[in-house]
Student: 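So that we are looking at the same thing, I have put the structure below in structure tokens.
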Amino acid sequence: MPIIPHDKANHFIYGAIIFCVGYLCSFLWFPEPLWASMVLVALFGFGKEAADHWSNLKSMKAGVTPTHGVEFMDVVATIGGGVSAAFPLFLSTYVP
């Protein structure tokens, strides 16, 4: 059985949680809450990595070793968590 790195597992779980909270809240404002919630998950995934990159740049300017890893696969793991939470809703909504 493959072992998922701790960081990627956290991103996956947070992606699923962000999707669920976004889905529950988006009924008030969006006609398609499933897609709006997936966009929210993607924004959070990219935003987290952008914030980590910005933090690393600030650390390097101050002469300190950067503390955050910035990886595209973290974004993929976050979106994957959102997709896993969205899949049952997608099937029940769009598949006859």
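Fair warning: this is a prediction, and the values are worked out from it, not measured in the lab.
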Student: Show every salt bridge (charged side-chain N to carboxylate O under 4.0 Å, His left out) that has at least one partner inside residues 78-96, sequence neighbours left out.
Tutor: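 For residues 78-96, and leaving out neighbouring residues, there are no salt bridge (charged side-chain N to carboxylate O under 4.0 Å, His left out) pairs at all.
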
Student: With distance as the sole test, does Thr93 use its side chain to make a donor-acceptor pair with the main-chain N or O of Phe90 at under 3.5 Å?
Tutor: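 Here the side-chain-to-backbone pair does not exist.
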
Student: Got Cys25 and Trp29 here, is their nearest side-chain heavy-atom distance under 4.5 Å?
Tutor: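 A side-chain contact under 4.5 Å exists here.
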
Student: Heavy-atom count check: over 12 atoms from other residues, nucleotides or ligands less than 6.0 Å from Leu24 CG?
Tutor: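 Yes, CG of Leu24 has more than 12 neighbouring heavy atoms, counting only those of other groups under 6.0 Å.
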
Student: Could you give the distance from CE (Met38) to OG (Ser26), rounded to the nearest 0.5 Å?
Tutor: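 Answer for the CE-OG pair, Met38 versus Ser26, is 12.0 Å.
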
Student: For Val75, is there any backbone N or O sitting under 3.5 Å from a side-chain donor or acceptor partner on Glu49?
Tutor: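 No; judged by distance alone, with no hydrogens or angles, the pair does not exist.
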
Student: Could you go step by step and tell me if Phe72 and Phe46 meet the side chain to side chain contact (heavy atoms under 4.5 Å, CB included) rule?
Tutor: CA-CA 8 Å; Phe72 180 71; Phe46 281 108; 4.1 Å; yes

Student: Group every Ile, Leu, Val, Met, Phe, Trp and Tyr by side-chain heavy-atom contacts under 4.5 Å, then state whether Trp35 and Phe19 land in the same group.
Tutor: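 Yes, Trp35 and Phe19 fall within the same hydrophobic cluster.
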
Student: Working to the nearest 0.5 Å, report the span between CZ of Phe87 and CG of Leu91.
Tutor: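 Between Phe87 CZ and Leu91 CG, I get 4.0 Å after rounding to 0.5 Å.
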
Student: Could you note down all residue pairs passing salt bridge (charged side-chain N to carboxylate O under 4.0 Å, His left out) where residues 77-90 supplies at least one of them, sequence neighbours left out?
Tutor: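 Pairs touching residues 77-90 that pass the test: none.
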
Student: What's the verdict on side chain to side chain contact (heavy atoms under 4.5 Å, CB included) for Tyr94 and Leu34, showing C-alpha distance, side-chain angles and the deciding distance?
Tutor: CA-CA 11 Å; Tyr94 295 104; Leu34 188 127; 4.3 Å; yes

Student: Working to the nearest 0.5 angstrom, can you tell me the gap between Phe30 CZ and Leu40 CG?
Tutor: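 Going from CZ on Phe30 over to CG on Leu40, the span is 8.5 Å.
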
Student: Treat each ILVMFWY residue as a node, draw an edge where side-chain heavy atoms are under 4.5 Å apart, and state whether Leu43 and Tyr23 are in one component.
Tutor: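 Hydrophobic grouping puts Leu43 apart from Tyr23.
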
Student: If I take atom CG from residue Asp7 and atom CE from residue Met73, how far apart are they, to the nearest 0.5 angstrom?
Tutor: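 Answer for the CG-CE pair, Asp7 versus Met73, is 11.0 Å.
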
Student: What's the spacing between Ile79 CD1 and Ile18 CD1 if we round to 0.5 Å?
Tutor: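 Spacing of CD1 (Ile79) from CD1 (Ile18) equals 10.5 Å.
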
Student: Applying salt bridge (charged side-chain N to carboxylate O under 4.0 Å, His left out), which residue pairs with at least one partner in residues 73-82 are found, sequence neighbours left out?
Tutor: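 Qualifying pairs: Lys8-Asp74.
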
Student: Of all heavy-atom pairs between Pro33 and Phe27, which one has the smallest distance, and what is that distance?
Tutor: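 Answer, listing the atom of Pro33 first, then Phe27: CG-CE2, 3.7 Å.
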
Student: OG1/Thr78 to CG/Asn10 distance, rounded to the nearest 0.5 angstrom?
Tutor: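 It comes to 9.5 Å.
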
Student: Taking Asn56 for its side chain and Pro66 for its backbone only, find out whether a donor-acceptor pair lies under 3.5 Å.
Tutor: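 No, Asn56 side chain to Pro66 backbone: no donor-acceptor pair under 3.5 Å.
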
Student: Hydrophobic clustering (ILVMFWY, side-chain heavy atoms < 4.5 Å, transitive) - are Val41 and Val83 grouped together?
Tutor: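 Cluster IDs for Val83 and Val41 match.
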
Student: List the steps and the verdict of side chain to side chain contact (heavy atoms under 4.5 Å, CB included) for Phe12 and Val76.
Tutor: CA-CA 8 Å; Phe12 188 88; Val76 171; over 6 Å; no

